[in-house]
Amino acid sequence: MSATLDAPRTALRPARKRGVNWEKWGWIYMRVSGVVLVVLIFGHLFMNLIVGDGVSAIDFAFVGGKWADPFWQWWDVVMLWLALIHGGNGMRTLVNDYARGPRIRAALKLSILAAVAILILLGTLVVFTFEPCPVGQPADLLPSFCTA
Amino acid sequence: MWSWVLHRITGVAIFFFLLVHILDTALVRVSPEAYNAVIGTYQTPIMGLGEVALVGAIVFHAFNGLRIILIDFWSKGTRYQKVMFYVVIALWVLTMLAFTPRHLINVFSH
Ligand code: HEM
């Protein structure tokens, strides 16, 4: 009738001894992406919230003006990939720490993976298929270079 | 310990905002009207205050993330972890002092 308790911090399953150490690469990724993200996110916030009239200047024409330039397209796409994978991997850590039961853990991790994969795909497509001067749209909503 | 709690909470909050933010930005692919309608809600006073909170969360997570990296890789990192936490707080206060008035003026004067 005696319940057995594992020693504190006993791993759910023993650490893998052979093959790629994915947890180590995840750990390294969190740090490398973090350093790059500081630059990308602070630059993003500076351009969109500080320069000029900040948030009140953002509209379709503002985005069109930025993404007409491949520099900002790549800036935003790199930020998209790095941040979603960093955040998704961070959320996986939280599931590992707090979620009990193999089914719930698997379901939560699958949801995180699906959200990250779908949004990376969607975001990348949006940035690279974006049309700053769509035909048949009112000119006052478009970037000024559309009528030039 | 509190730096870790705050790092977790801010990380999760930013993650959920990012999910929404990619979806709202994706509306540029639908039509200028659709995008402008949604981004207009970001320019209201209540959302303006929310943006201050969001930027505060990101700035803390960013500075404290750099502190974590220094603790891990700098040979004196663990010895100075507490000092570095106070540096993180100080830099956070300075950044928010620079950001908040300017942002609120943009939000409330348009
Ligand atoms: C601004 C630059 C950023 C830096 C320097 C940074 C740095 C870090 C570091 C060093 C960790 C700890 C990883 C570990 O302990 O193994 C971490 C965790 C995490 N980050 Fe970031 N990060 C940044 C941006 C972001 C963004 C944009 C998101 C959301 C999309 C995010 C979400 C998370 C989450 C959810 C965790 C897990 C928290 C935990 O395990 O306690 N971070 N970050």
Side-chain angles (χ1 to χ4, degrees), chain A residues 27-28 30-35 37-39 41-42 44-46 49-50 52-64 67 76 79-80 83-84 86-88 90-91 93-94 97-98 112 115-116 118-120 122-123 125-127 129-132 134 136-143, chain B residues 7-40 42-44 47-48 51-52 54-55 58-59 61-73 95 98-99 102-110:
Chain A
W27 187 93
I28 293 172
M30 291 306 275
R31 280 141 187 85
V32 174
S33 63
V35 174
L37 279 170
V38 173
V39 178
I41 293 177
F42 278 47
H44 176 72
L45 294 177
F46 186 79
L49 295 183
I50 311 265
D53 287 332
V55 70
S56 47
I58 301 179
D59 56 10
F60 183 88
F62 176 91
V63 180
W67 286 350
D76 285 355
M79 187 165 67
L80 173 84
L84 272 174
H86 176 108
M91 294 298 287
T93 305
L94 270 94
D97 282 357
Y98 301 124
I112 296 169
V116 167
I118 291 170
L119 287 175
I120 283 184
L122 174 73
L125 279 174
V126 165
V127 173
T129 67
F130 176 66
E131 172 55 68
Q137 296 291 339
D140 57 329
L141 298 183
L142 303 182
Chain B
H7 198 83
R8 283 223 142 153
I9 295 175
T10 53
V12 174
I14 303 164
F15 181 75
F16 282 111
F17 169 73
L18 179 59
L19 303 185
V20 177
H21 187 45
I22 293 166
L23 292 174
D24 65 56
T25 305
L27 290 174
V28 294
R29 206 66 193 82
V30 176
S31 77
E33 286 91 350
Y35 181 75
N36 289 354
V38 169
I39 209 69
Y42 278 86
Q43 295 154 352
T44 58
M47 286 299 266
E51 282 139 28
V52 172
L54 178 71
V55 169
I58 294 175
V59 169
H61 190 97
F63 288 161
N64 191 60
L66 294 177
R67 169 176 164 266
I68 295 176
I69 296 169
L70 282 171
I71 295 173
D72 289 336
F73 290 109
T95 312
F99 171 75
R102 188 177 170 90
H103 182 67
L104 291 182
I105 289 171
N106 279 331
V107 169
F108 283 93
S109 67
H110 283 270

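Every chain is numbered from 1, with letters handed out A, B, ... down the list of sequences.
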Could you look at [X] and say if it's the side chain, the backbone, both or neither that has a heavy atom under 4.5 Å from chain B?
| X | answer |
| --- | --- |
| A/Leu122 | side chain |
| A/Val127 | neither |
| A/Leu84 | both |
| A/Phe42 | side chain |
| A/Leu49 | both |

Problem set entry | Donor on one side chain, acceptor on other, A/Trp27 and B/Asp72, under 3.5 Å | no
What pair of heavy atoms forms the shortest contact from [X] to [Y], and how long is it?
| X | Y | result |
| --- | --- | --- |
| A/Gln137 | B/Ser31 | NE2-CB, 4.4 Å |
| A/Leu142 | A/Pro132 | CD2-O, 4.1 Å |
| A/His86 | A/Gly34 | ND1-N, 4.2 Å |
| A/Asp76 | A/Trp67 | OD2-NE1, 2.8 Å |
| A/Val35 | B/Leu66 | CG2-CD2, 4.4 Å |

Which atoms of [X] approach chain A - backbone, side chain, both or neither, heavy atom under 4.5 Å:
| X | answer |
| --- | --- |
| B/Ile68 | side chain |
| B/Glu51 | side chain |
| B/Phe16 | side chain |
| B/Val38 | neither |
| B/Ile39 | side chain |

Exercise. Hey, does the side chain of B/Asn36 reach the backbone of A/Asp59 with a donor-acceptor pair shorter than 3.5 angstrom?
Worked result: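 Here the side-chain-to-backbone pair does not exist.
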Problem set entry | B/Tyr42 and B/Asp24: CA distance, side-chain angles, deciding distance, side chain to side chain contact (heavy atoms under 4.5 Å, CB included) verdict | CA-CA 10 Å; B/Tyr42 278 86; B/Asp24 65 56; 2.3 Å; yes
For this session: Give the member of A/Leu45, A/Val126, A/Leu141, A/Val55 that has the highest number of heavy-atom pairs under 4.5 Å with chain B.
Result: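 Looking at each of A/Leu45, A/Val126, A/Leu141, A/Val55 in turn, A/Val55 comes out on top.
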Seminar exercise, completed: Per-residue tally against chain B (heavy atom, under 4.5 Å) across A/Val38, A/Ile41, A/Ile50, A/Val63 peaks at A/Ile50
